[in-house]
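These notes concern the structure reproduced below.
Everything quoted here is computed from the prediction, not taken from an experiment. The chain is numbered in sequence order, starting from 1.
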Amino acid sequence: MGRWEPDARGRLAKAALELYAERGYEQTTVAEIAKRAGLTERTFFRHYTDKREVLFAGSGELEELFVRAVAGAPESVATLDVLTVGLDAVAELFADRREFARRRHAVITANAELQERELIKLASLTAALTGTLRGRGVAEPAASLAAEAAVAVFKVAFERWIAPGEERPMPQLIRESLAELKAVTSGA
């Protein structure tokens with residue numbers, strides 16, 4: 001190994017995405033990722049538990065931020081508006097990460113195991129939001145329905161945001177998707 005360079009975690013993520021795109025997720029090894037990043041396998045395992053986690057490492061941060069924003073919203077705010085506060089908070093995580101998100105999404109959609117992991121991540125987010133809404137006094141089934149709707153809004157906005165040629169910011173797409181949901185549920 002040569003001279004120490006900063007941002008080992010970021011370099012590993014970049015190297016992994018490059019290799020997944022070039023060779024495929026299943027054909028890429030941790031050793032190859034570490035070598036491409038100019039690091040050791042040991043360093044890889046200090047940052048990620050396995051090669052799949054390179055793609056899902058931000059899931060906990062996303063969930064925590066969303067839940068914290070919803071929990072911290074004023075008590076007087078309506079449920080859907082509380083979820084809007086959470087959606088606005090998570091939208092900020094995606095600033096300047098569109099190209100990474102596009103490449104990540106392409107890798108995930110090409111692999112059934114990774115698609116399953118993505119669904120698990122979204123289910124965990126939904127469960128956490130449901131629990132947070134219940135903690136705010138939202139009864140069932142309203143808490144579950146609202147959490148599911150918020151995650152659906154996020155998912156639709158995210159997929160629009162990473163679409164080829166799309167340049168609008170994530171917060172704008174979240175607001176547009178939320179407005180569409182409100183239009184659908186109001187019968188407009």
Side-chain angles (χ1 to χ4, degrees), residues 9 13 16-17 20 25 45 47-95 97-98 100-163 169-186:
R9 187 176 181 86
L17 275 180
Y20 296 161
Y25 169 78
F45 288 114
H47 293 279
Y48 300 104
T49 56
D50 59 32
K51 68 180 188 172
R52 182 180 58 178
E53 277 309 301
V54 172
L55 300 167
F56 297 99
S59 300
E61 181 185 0
L62 175 81
E63 184 175 305
E64 182 182 317
L65 180 60
F66 207 150
V67 165
R68 191 173 54 243
V70 168
E75 290 297 320
S76 61
V77 176
T79 302
L80 199 50
D81 294 331
V82 165
L83 291 167
T84 301
V85 169
L87 287 163
D88 287 343
V90 298
E92 297 304 318
L93 280 178
F94 294 92
R97 295 186 51 88
R98 191 185 315 247
F100 176 86
R102 283 178 175 150
R103 292 186 323 193
R104 175 190 175 275
H105 184 72
V107 170
I108 290 170
T109 56
N111 183 288
E113 174 192 342
L114 298 175
Q115 289 174 32
E116 180 181 14
R117 177 65 175 89
E118 183 79 349
L119 291 172
I120 291 167
K121 176 188 87 170
L122 293 173
S124 175
L125 177 59
T126 302
L129 288 172
T130 300
T132 302
L133 290 173
R134 285 184 194 136
R136 290 179 59 87
V138 179
E140 282 298 340
S144 292
L145 288 168
E148 290 282 356
V151 171
V153 165
F154 170 76
K155 187 174 181 283
V156 167
F158 178 81
E159 288 175 0
R160 290 173 67 201
W161 182 68
I162 62 169
M170 182 73 148
Q172 179 182 346
L173 294 169
I174 283 177
R175 291 296 179 152
E176 289 174 9
S177 297
L178 192 54
E180 286 292 323
L181 176 65
K182 288 178 180 179
V184 167
T185 57
S186 70

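Looking at L55 and L17, their side chains come closer than 4.5 Å, going by heavy atoms from C-beta outward.
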Under 3.5 Å, sequence neighbours excluded: what are the donor-acceptor pairs made by side chains of residues 83-90?
residue: T84; atom: OG1; partner: L80; partner atom: O; Å: 3.0
residue: D88; atom: OD1; partner: R175; partner atom: NE; Å: 3.3
residue: D88; atom: OD1; partner: R175; partner atom: NH2; Å: 3.3
residue: D88; atom: OD2; partner: R175; partner atom: NH2; Å: 2.4

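Between the side chain of S124 and the backbone N or O of I120 there is no donor-acceptor pair closer than 3.5 Å. Checked by atom type and distance alone, the side chain of S144 never pairs as donor or acceptor with a backbone atom of P141 at under 3.5 Å. Side chain of R102 to main chain of I162: a donor-acceptor pair is present (N/O by atom type, distance under 3.5 Å, no hydrogens or angles). With hydrogens and angles ignored, the 3.5 Å screen pairs no side-chain donor or acceptor of E53 with any backbone N or O of Y48. Side chain of K182 to backbone of S177: no donor-acceptor contact under 3.5 angstrom is found. In terms of modelled atom types and a separation under 3.5 Å, the side chain of R136 and the main chain of A73 share a donor-acceptor contact.
Few gaps surround CD on E113; more than 12 heavy atoms of other groups in view lie less than 6.0 Å from it.
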Open item on the list: Please determine whether side-chain contact (heavy atoms from CB on, under 4.5 Å) holds for the pair R160 and V156, giving the CA-CA distance in whole Å, both sets of side-chain angles, and the decisive distance to 0.1 Å.
Closed with: CA-CA 6 Å; R160 290 173 67 201; V156 167; 4.0 Å; yes
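Note that NZ of K51 and CG of L114 are 8.5 Å apart. Values are rounded to the nearest 0.5 Å. Remark: L129 CG to F66 CZ distance equals 5.0 Å, nearest 0.5 Å. Taken to the nearest 0.5 Å, the CD atom of E148 stands 6.5 Å off from the OG1 atom of T130. Taken from CD in E140 to CG in L133, the straight-line distance is 9.0 Å, to the nearest 0.5 Å.
Contact detail for R117 and R52: the closest heavy-atom pair is CG-CD, 4.1 Å. Contact detail for A13 and V54: the closest heavy-atom pair is CA-CG1, 3.7 Å. For the residue pair I174 and A91, the shortest heavy atom distance occurs at CD1-CB, 3.6 Å. For the residue pair A128 and V67, the shortest heavy atom distance occurs at CB-CG2, 3.6 Å. Considering every non-hydrogen atom in both N111 and Y25, the closest pair reads ND2-CD2, 3.4 Å.
Side-chain contact, T109 with Q115: no donor N or O sits under 3.5 Å from an acceptor N or O.
Taking the salt bridge (Lys or Arg N to Asp or Glu O under 4.0 Å) definition, one finds that K121 meets it with E118, sequence neighbours left out. Listed by chain and residue number, F154, F158, W161 satisfy the ring-ring contact (aromatic ring centres under 6.0 Å, His included) test with F94 (two or more places apart in sequence, or in another chain).
Ion pair K155/E159 flagged as a salt bridge, since at least one NZ, NE, NH1 or NH2 atom sits closer than 4.0 Å to an Asp/Glu carboxylate oxygen. Remark: E61 does not engage R68 in a salt bridge, criterion side-chain N to carboxylate O under 4.0 Å.
Cation-pi contact between R104 and F56: present, with separation from the ring centre below 6.0 Å and deviation from the ring axis of at most 45°.
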